Amino acid sequence: MSASITFSIKVQSEKERTSTCRILIFRKYCAMFVLMQVYSRDLWVNQAVTYVFRYRHSRARRYESELQSCGLEVAPVEFSDYHPLKSITVTDSKSRRGARKGSTSSSSSSSSSVAPDPLSSMLDGTDPLSMFAAASASESPLTLSQSRKRREKEDEVGVDFEPWSSKRGEILARFTTTEKLSINLFMGSDKGKAPSLASSAVSEKVRTRLEELDDLEEGSQRELLNLSQQDYVNRIEELNQSLKEAWASDQKVKALKIVIQCSKLLSDTAVIQFYPSKFVLITDILDTFGRLVYERIWSMCSDPRPLPDSFTADEVNDTAKETCLNWFFKIASIRELIPRLYVEVALLKCNRFLTKCGIQETVPRLTAMIRGIGDPLVAVYARAYLCRVRLASRTYFLSTLSHCALLLNSVMWAFRAEFIATRATDFIGMIKDCDEAGFPKHLLFGSLGRSLACADPPEAERLPILNEAWKVITKVRSPQDYINCAEIWVEFTCRHFTKREVNTVLSDIIKHMTPDRAFEDAYPQLQSVIRKILTYFHDFSVLFSMERFLPFMDMFQKDSVRVEVCRSIMDVFIKHQQEPTRDPVILNALLHVCKTMHDSVNALTLEDEKRSLALLINGFIRMVSFGRDFEQQLSFCVEARATFCNLEPVLVQLIHACAAYSFITIPSLTSIFSRLNLYLLSGQVALANQCLSQADAFLKAAVSVLPEVPRSISIEGKLRSSEGFLLDFINNFLSALLVVPDHPEAGVLFLVRGLLNMVQDYTWEDNSDAKVQVYISALPLLAAMSQESYLYSIPKVDSNETLYGGDPKFLAEINKLCETLIGQVLDHLKTLGRDESVHRQGSLAFSLFGCLLSHGDLRNNKLNQLAVNLWNLSHKQGYCNTRTSVRTLEFIKHQAQQPDMAHLSDMLQRLTLQSRT
């Protein structure tokens, strides 16, 4: 009953094959008839067996259209809808105090609620702070735009300077708190205030203003306790809005009150982690006040024409100067130090209206005032605000730094690299003027070098910068201080100069670090030097032509460090070397580098480390080519094999490089799967290079080695079954056979038949389905071979699709082989049913069903019924994975909607899900 499979490689005549096929078919039918009588209860199995040999058609495939159908559908997106990645547009709505008392608040975009222009209010004209407001109300929009641009330009330190707005957001997001906060406000009393009338006498109005100013710190106290952070921020924003409203309604003294009381909040450091955010919020109010005052005074100078961008105090009229002085007199009457200091700093820029050197004269006085603040934290932030406001005039800023090396160093560390790089010459001049005793100059040059490593100075200044820096660096006596600074400037040298300058730097480093073996304490810095050189020099012919590069590497005396440096070199070489090389300088140097890595391998080296080193060495070997000089190529390979004999992966790579000797060398390997994979890989390489006879030899050798595969192998000291590894190899082998053309003297599909014969004769594990799984895996290969155009091919190699051209005899041989394979699978399914191995039976039946669904022509009714029977068999006992089954049904439903696939709809109705009871 159990006839053996005939997959013989031997070439048979057509008559012999026909006779053999008829005998086999007859014996199969007899066996099936007996089984149908004995196992009549398994009707679904018998039906499957009845139909098996009549189904010889595989489904024609359209690979390109199938690939397109598997792509994701493009759905139109309504950009007006909300999307989490969509940018959010925030409309600023300003709420009036009167509106907050009512039920609604007006938006700033409403034409009826636009705040009045503070420059257009009609005042009595007697107050020097407001006498020109009426005249400024007639200012044209163009003049306002020009003034806004002028203000932006005055505030601008440079396009490369990081703006305060970006820092502001970072501070508010970083410094938060969950503690309760409080606000103490001392707002002036409204009692006894005389109304401001146009007909009032000048003396009465001045007296009223002075009384209001005296009342700043004597009024009623308003204290807000237990505020959350968000409530605190909201209150501060309300005060900022109140400031703008007071200014717009010509309540200048009230605006000043708000600024003074807000400044006092900066003296409270109770919740210290929130203080930076409080500083940002309060200084926003101060900035607003300073801008409003500056615009007010500037508007008084706009008649008959606006002031130029670089105006001087001589161009300011007397009225504007008087108004400016009036503001400073009011500030001087503030009793407490902190609000008086902050408000005057906010108006610092207004000194331009008074004298030419007003700002330069005021800053030292304000700096001295800060010394009177007792709290160090409050004092530091006061200095920070003074620096931020003062940055509007960058010349005086920079000129001050030369007097303080520590401050200069802090600036070079904290400021953006682009800002420092564009002014590198100025910074060098300041460094040269610094006192060496206070702060070492090499540390200042180190800070400057860090910035220049990230941003480029002007091209004409680069060489003078390097010369000035190295004059200082080379005079440093301490080896550790020297290398710390030199390591920073190596990147600047590599970034902008040639190998000549880099070689000079390396020579100087060797000179300083060799005495007393000082390099042993500076391996991290020396490694950093190597990494920076490799970052900018990818041409190894240039790299190894530096006279001092290899002597520099000799300073790495510690084995682990030397190996790490060699790994860095090989990583860069493999990554950036685009073309094979035969340069003797590169080959000798890299052979020495690779030998250093290879010699570090010992009995304690981990396998992962060995594989990592082998990959680097193999990458080097692959990039060596002597063209048609085969003797030189072979000589290099022989030398490399002798040099790297302790790493088996390197030996494997050399075998690939020496294709002519690989067939002899592969059997010397002890690992059976290494041999199998190398035979397959060598065959693929030979096929890719149009070496068809060599490819056949490699693939035949792989088939002949299959019986030698043991049932268990040792992996990391543990015995494991080799079945899974063998199945993986066979599947890879089958996929490679699609593009292998048949030998004209060996017969049709001789490699496929030889592989299946070996699979049949192999001693598999007991109760194993591996052999049948191979049969099922071979069916997609045979279906692909029957297509008019193959799924993939090798350039310049004619596969069977070209050799046979769809010949009917070739297709008939494929169909016969498919019949035999399916028959063996069904025989095994019946055996499993008899042995009560229903779980394995269902799994294999479902695998065969999937194969027929993907590759069979299910328009054939009998083949369609076979697929249904296999489905029912796989689900009979309920062992099939329900989730997989549901997805399979969804796939069939989707495929049924494709052209020429409507027959799947009928089959889908006959496929049901069954559960185990």
Side-chain angles (χ1 to χ4, degrees), residues 84-92 155-184 224-241 243 259 261-291 338-339 341-342 345-346 370 373-392 394 397 406-420 447 450-451 453-455:
L85 298 180
K86 192 176 181 181
S87 60
I88 301 176
T89 303
V90 180
T91 303
D92 184 16
D155 293 337
E156 181 183 5
V157 180
V159 294
D160 56 350
F161 188 76
E162 186 174 7
W164 167 248
S165 57
S166 63
K167 283 291 184 184
R168 178 185 183 278
E170 294 177 6
I171 295 173
L172 291 176
R174 179 179 178 184
F175 297 97
T176 60
T177 183
T178 57
E179 298 186 29
K180 296 300 182 180
L181 305 169
S182 63
I183 298 179
N184 295 321
L224 302 177
L225 302 176
N226 297 325
L227 297 177
S228 66
Q229 176 180 326
Q230 187 59 44
D231 293 335
Y232 190 94
V233 173
N234 293 338
R235 296 295 184 185
I236 298 299
E237 291 178 353
E238 290 176 4
L239 290 173
N240 197 0
Q241 183 65 27
L243 168 65
V259 174
Q261 297 305 320
C262 291
S263 301
K264 290 182 179 180
L265 297 177
L266 291 175
S267 62
D268 180 16
T269 60
V271 185
I272 194 169
Q273 66 269 25
F274 183 67
Y275 192 84
S277 295
K278 179 197 290 189
F279 171 80
V280 170
L281 296 172
I282 300 301
T283 53
D284 284 348
I285 297 178
L286 291 167
D287 292 341
T288 301
F289 179 72
R291 176 176 55 81
I338 291 179
L341 173 67
Y342 271 100
V345 172
I370 296 176
I373 301 177
D375 192 314
L377 179 65
V378 178
V380 167
Y381 275 87
R383 291 186 178 93
Y385 185 60
L386 175 60
C387 290
R388 181 167 72 80
V389 174
R390 188 62 196 92
L391 282 179
R394 58 184 173 185
F397 172 69
L406 183 60
L407 178 59
L408 180 62
N409 186 68
S410 301
V411 167
M412 290 188 291
W413 266 94
F415 281 29
R416 294 179 60 187
E418 293 80 4
F419 179 85
I420 303 298
S447 300
R450 289 186 183 92
S451 298
C454 302

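The model shown is predicted, which means the values in this text are computed figures rather than measured ones. Residue indices begin at 1 and follow the sequence shown.
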Between [atom1] on residue [X] and [atom2] on residue [Y], distance to nearest 0.5 Å:
X      : Y      : atom1 : atom2 : answer
Glu237 : Tyr232 : CD    : OH    : 12.5 Å
Gln229 : Ser277 : CD    : OG    : 6.0 Å
Leu281 : Asn240 : CG    : CG    : 9.5 Å
Leu239 : Thr288 : CG    : OG1   : 12.0 Å
Ile338 : Tyr342 : CD1   : OH    : 7.0 Å
Tyr385 : Leu286 : OH    : CG    : 4.5 Å

Atom CD1 of Ile272: over 12 foreign heavy atoms under 6.0 Å: no
Give a yes or no on this: more than 12 heavy atoms of other residues, nucleotides or ligands lie within 6.0 Å of atom CZ of Arg235. no
Locate the shortest heavy-atom distance separating [X] from [Y]; write the atom from each residue and the value.
X      : Y      : result
Ala382 : Ile373 : CB-CD1, 4.1 Å
Ile282 : Cys262 : CG2-O, 3.4 Å
Ala417 : Ser451 : CB-O, 3.5 Å
Ile236 : Leu265 : CD1-CD1, 3.9 Å

Gln273 (side chain) donor-acceptor with Thr177 (main chain) under 3.5 angstrom: no
Between the side chain of Lys278 and the main-chain N/O of Asp268, is any donor-acceptor distance below 3.5 Å? yes
Between Asn234 and Gln230, is any side-chain donor less than 3.5 angstrom from a side-chain acceptor? yes
Between Leu181 and Phe274, does the side-chain contact (heavy atoms from CB on, under 4.5 Å) criterion hold? Intermediate values first, please. CA-CA 9 Å; Leu181 305 169; Phe274 183 67; 3.6 Å; yes
Would Asp231 and Lys180 count as a salt bridge (charged side-chain N to carboxylate O under 4.0 Å, His left out) if you check the C-alpha gap in whole Å, the side-chain angles of each, and the deciding distance to 0.1 Å? CA-CA 10 Å; Asp231 293 335; Lys180 296 300 182 180; over 6 Å; no
Flag the pair Asp287 and Arg388 as a salt bridge only when some basic side-chain nitrogen lies within less than 4.0 angstrom of an acidic carboxylate oxygen. yes
Using the side-chain contact (heavy atoms from CB on, under 4.5 Å) rule, take Phe289 and Ile285 through it: C-alpha gap first, then chi angles, then the decisive distance, then the call. CA-CA 6 Å; Phe289 179 72; Ile285 297 178; 5.7 Å; no
Do the ring centers of Tyr275 and Phe175 come within less than 6.0 Å of each other? no
